[in-house]
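Throughout, residue positions are numbered sequentially from 1 according to the sequence presented.
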Amino acid sequence: IGDTIRVSLSAPPVEEVKVGCKILEYLGLRPRKFDIISCPSCGRAQVDVIQLANAVTEGLKDVTAPIRVAVMGCIVNGPGEAREADLGVASGNGKGQIFIKGKVIETVPEDRIVDTLLEKANEIAAQMEAEGQVPAGATGPVVVPITHTARHM
């Protein structure tokens with residue numbers, strides 16, 4: 001592979017760079033940084049996943065701890081993905097189940113999902129920072145949409 005990884009997306013070139021950086025992190029060639037995993041907005045989504053992921057990304061833009069936050073829009077695939085992340089939400093029926101390290105810690109109304117995720121993510125990040133788990137030169141989040149291939153990386 002060398003110094004260059006070529007990624008082609010149907011998106012602006014800056015998105016290709018972000019995905020290339022995430023590939024290097026997943027391969028262990030760069031220190032892992034904060035990332036958000038979000039589901040594609042399919043017919044099962046019961047919330048606006050794009051808006052939810054963008055709000056969480058914006059709210060955590062300064063977090064550099066290597067945490068993974070899953071923002072999922074349905075109760076079909078959401079719980080599985082949320083359990084795999086450090087922090088996650090599986091949304092549906094006007095509420096969101098909040099997961100930390102694979103366990104449901106609370107269920108909140110839909111209008112409290114973003115605030116709850118931001119609060120819990122900041123708590124986890126602070127704990128990781130206190131334990132010295134933040135890599136030098138870490139930057140803020142990169143949104144990685146879940147697809148069948150990306151989910152099994």
Mind checking salt bridge (Lys or Arg N to Asp or Glu O under 4.0 Å) for E123 and listing every partner two or more places apart, or none if nothing turns up?
none
Students should find that the hydrophobic cluster of V14, defined by side-chain heavy atoms under 4.5 Å apart, otherwise consists of none
In terms of heavy-atom contacts, A121 and L87 come closest through N-CD2, 3.4 Å
Run the side-chain hydrogen bond (donor to acceptor under 3.5 Å, both in side chains) test against Q127 and tell me which residues pass, sequence neighbours left out.
E131
Identify all side-chain donor-acceptor contacts of residues 105-112 below 3.5 Å with residues at least two apart in sequence or on another chain.
unit_1, atom_1, unit_2, atom_2, d
R112, NH1, D115, OD2, 3.2

From S10 OG over to E16 CD, what is the distance, rounded to the nearest 0.5 angstrom?
9.0 Å
How long is the straight-line distance from OG1 of T57 back to CD1 of I36, given to the nearest 0.5 Å?
3.0 Å
Measuring from N54:CG to S38:OG, what's the distance to the nearest 0.5 Å?
8.5 Å
Does V7 reach the side chain of E15, with side-chain heavy atoms less than 4.5 Å apart?
no
Output yes when a side-chain donor or acceptor of S91 lies under 3.5 Å from a complementary backbone atom of C74, and no otherwise.
no
If you round to the nearest 0.5 Å, how far is CD1 of I50 from SG of C39?
9.5 Å
Group every Ile, Leu, Val, Met, Phe, Trp and Tyr by side-chain heavy-atom contacts under 4.5 Å, then state whether F99 and I113 land in the same group.
no
Look up atom CE in M72 and atom CD1 in I37, then write down how far apart they are to the nearest 0.5 Å.
9.0 Å
CD of E84: more than 12 outside heavy atoms within 6.0 angstrom?
no
Taking all atoms of both residues into account, what is the closest heavy-atom pair of G96 and V89, and its distance?
CA-CG2, 3.8 Å
Which pairs, with at least one residue in residues 85-94 and sequence neighbours excluded, count as a salt bridge (Lys or Arg N to Asp or Glu O under 4.0 Å)?
R32-D86, D86-K101
Output the distance between atom NZ (K18) and atom CD1 (I23), rounded to the nearest 0.5 Å.
14.5 Å
Partner of K120 under side-chain contact (heavy atoms from CB on, under 4.5 Å), chosen from L117, L118, T116:
T116
